[in-house]
Colleague: 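Here it is, the structure, as structure tokens.
Chain A is the first sequence line, chain B the second, and so forth, proteins listed ahead of strands; every chain is numbered from 1.
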Number of protein chains: 2
Amino acid sequence: MARKPLTKPRKTATQERARVTVDALVEATARILVKEGFDKASTNRIAEEAGVSVGSLYQYYPSKEALVAAVIDRHNDEIMKVVTAAFAEVAPLPVDQAVRRLVAVAIEAHQIDPRLHRVLAEQIPRTGRLADVEAFGRQTYAMFSAYLEAHRDELRMADLNMAAFVSVTSIEALAHTAVLNGPQKLGRDTVRELVDEATRLVVGYLL
Amino acid sequence: MARKPLTKPRKTATQERARVTVDALVEATARILVKEGFDKASTNRIAEEAGVSVGSLYQYYPSKEALVAAVIDRHNDEIMKVVTAAFAEVAPLPVDQAVRRLVAVAIEAHQIDPRLHRVLAEQIPRTGRLADVEAFGRQTYAMFSAYLEAHRDELRMADLNMAAFVSVTSIEALAHTAVLNGPQKLGRDTVRELVDEATRLVVGYLL
DNA sequence: CTATAATACGAGCGATTGCTCGTATTCTCC
DNA sequence: GGAGAATACGAGCAATCGCTCGTATTATAG
């Protein structure tokens, strides 16, 4: 047998304590990203925050980038769960009701962990995970496109792809900007007004 | 006389060759940001690319951040010039024509230097110049708000601030996404179609 | 209990970073 | 031409970074 004396290291954990370590690392990374920013998130700092040694960190994540990617994936999954559920729920509804619900969900989704979302939105590109985020966008776009296809008879326009692009981009931008750059606390009233306006914007465009 | 024997260093240049150096630095920074990314833009690398020594760099810019800020300011000025001119030109026009022109200008503005714009949009937050960008957004928002105010009689809505927020955010997002994440080359036809759709979206909302 | 695998540890290496400072060159003005 | 100011230079320092690897500890299996 040639070689394999050591190393096969960076892989999945089998014991329970290992899983605890892995979790602590991801959580510590998210915490540091939010509280101290991307630049401060060094591997040494993350390991310290997680109460773990650097060595252990590198047993499970081959690079700092992988760790950040894990945080991103986790956050994306959380959001996609909400969004996917919303599309399922909305499938049988007419356009005006569906859009209203989707707008509300978009805002909710952005409120899941706004500060983390902001850091990720800002820093994701440089981690090389840009593809993931574009995939995320495309997925939303695809679901919306499918919804429009199914409700084509309600619409007056020909180019459904264009319609989906315009709608998704606008809704996403409004939710994003309102939650991240708007007033610190979005009161119930403001949210309601925003949902009204965004719905009017998109429904008026589609019908 | 107590002290001021040396140093007062990081400041404006008086001689011509100094101005050349300063320009070379800013241009080199922009070039590296575009071609190699933010991480590769070290002070040593920038100085090298500019054909200048690190020492000279630090005579004019107190930090790497200041240098990036200079690039950002330059780019912002370029865009604001176009946008401001557009608002002036559009002031007397009715809403539908005005919006169409503004949408077209938004796309044009994003096409000024798309790759630099992308890098800056991605990296700006971490440079601490976030405030500048928000100010930029606010300026556009303010101009649009003023336009709506002046054409209030054409509109049917009460909350002009909300209307401006929704309009500006949508237009900006559509232009941004289309130029930066869309097909590599936006053909004339695609641009025209996009302008049509975005105009319809916003005009339908405002009127 | 013992052997082995899995996990955890952390000092520290090599590379790179932002930046300083003593020195050399060039310009300006008399 | 010469003195002093402005500009340019670049070796190199202190700090930090991502990451490795030899060792210590803990769990699992026979």
Colleague: Find which nucleotide of DNA chain D each of B:V20 and A:S56 is nearest to by heavy atoms, and output the residue with the more 5' nucleotide.
Modeller: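 Nearer the 5' end of the strand: B:V20.
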
Colleague: Rounding to an integer number of Å, can you tell me how far A:L67 CG sits from D:dC19 P?
Modeller: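 Nearest whole value for this atom pair: 10 Å.
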
Colleague: Are A:Y60 and C:dA8 close enough that a side-chain N or O sits under 4.0 Å from OP1 or OP2?
Modeller: yes

Colleague: Using a cut-off of 4.0 Å on non-hydrogen atoms, how would the nucleic acid contact of B:S42 be classed: base, sugar-phosphate, or nothing?
Modeller: sugar-phosphate

Colleague: What's the NZ-C1' distance between B:K64 and C:dG18, to the nearest Å?
Modeller: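 The distance from NZ of B:K64 to C1' of C:dG18 comes to 9 Å, rounded to the nearest Å.
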
Colleague: Checking side-chain contact (heavy atoms from CB on, under 4.5 Å) against B:V71, which of B:V119, B:V26, B:I32 comes through?
Modeller: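 Result: among B:V119, B:V26, B:I32, B:V26 is the only option passing the side-chain contact (heavy atoms from CB on, under 4.5 Å) with B:V71.
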
Colleague: Taking only the side-chain nitrogens and oxygens of A:T21, find out if one of them lies under 4.0 Å from OP1 or OP2 of C:dT7.
Modeller: no

Colleague: If you round to the nearest 0.5 Å, how far is CG of A:D77 from CD1 of A:I72?
Modeller: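 Nearest 0.5 Å value for the CD1-CG distance: 11.5 Å.
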
Colleague: Quickly work out the B:R19 CZ to D:dT7 C1' distance and round it to whole Å.
Modeller: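 After rounding, the reported distance stands at 13 Å.
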
Colleague: When you look at CZ of A:R74, are more than 12 heavy atoms from neighbouring residues, nucleotides or ligands closer to it than 6.0 Å?
Modeller: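 It does: A:R74 CZ has more than 12 such atoms within range.
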
Colleague: Checking B:E172 against B:H110: is there a side-chain donor and acceptor pair closer than 3.5 Å?
Modeller: yes

Colleague: Taking only side-chain N and O atoms of A:S53, does any of them lie within less than 4.0 angstrom of OP1 or OP2 on C:dA8?
Modeller: no

Colleague: Would you say the base of C:dC19 and the side-chain of B:N44 have a donor-acceptor pair closer than 3.5 Å?
Modeller: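 Side chain to base: pair present.
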
Colleague: Expressed in angstrom and rounded to an integer, what is the separation of A:Y58 atom OH from D:dT20 atom P?
Modeller: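 Rounded to the whole Å, the gap is 7 Å.
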
Colleague: Return the 5'-most residue of the pair B:K40, B:R17 with respect to DNA chain C, ranking by each residue's nearest nucleotide.
Modeller: B:K40

Colleague: Less than 4.5 Å apart, any side-chain heavy atom of A:F165 and any of B:T177?
Modeller: yes

Colleague: Measure CG/A:D39 against C1'/C:dT16 and give the value in whole Å, please.
Modeller: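 Spelled out: CG on A:D39 to C1' on C:dT16 is 15 Å.
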
Colleague: Give the rounded distance in Å between these two atoms: CD of A:E48 and P of C:dA8.
Modeller: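 That distance rounds to 18 Å.
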
Colleague: Rounding to an integer number of Å, can you tell me how far B:Y61 OH sits from C:dT20 P?
Modeller: 17 Å

Colleague: Can you tell me which nucleotide in C:dC19, D:dT20, C:dC9 comes closest to the side chain of A:V54?
Modeller: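 Nearest nucleotide to the side chain: D:dT20.
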
Colleague: Could you state the atom-to-atom distance from CG of B:L57 to P of C:dT20 in whole Å?
Modeller: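 Atom CG in B:L57 sits about 11 Å away from atom P in C:dT20.
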
Colleague: So does B:Q59 reach the base of D:dA6 with its side chain, donor to acceptor, closer than 3.5 Å?
Modeller: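 No pair found.
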
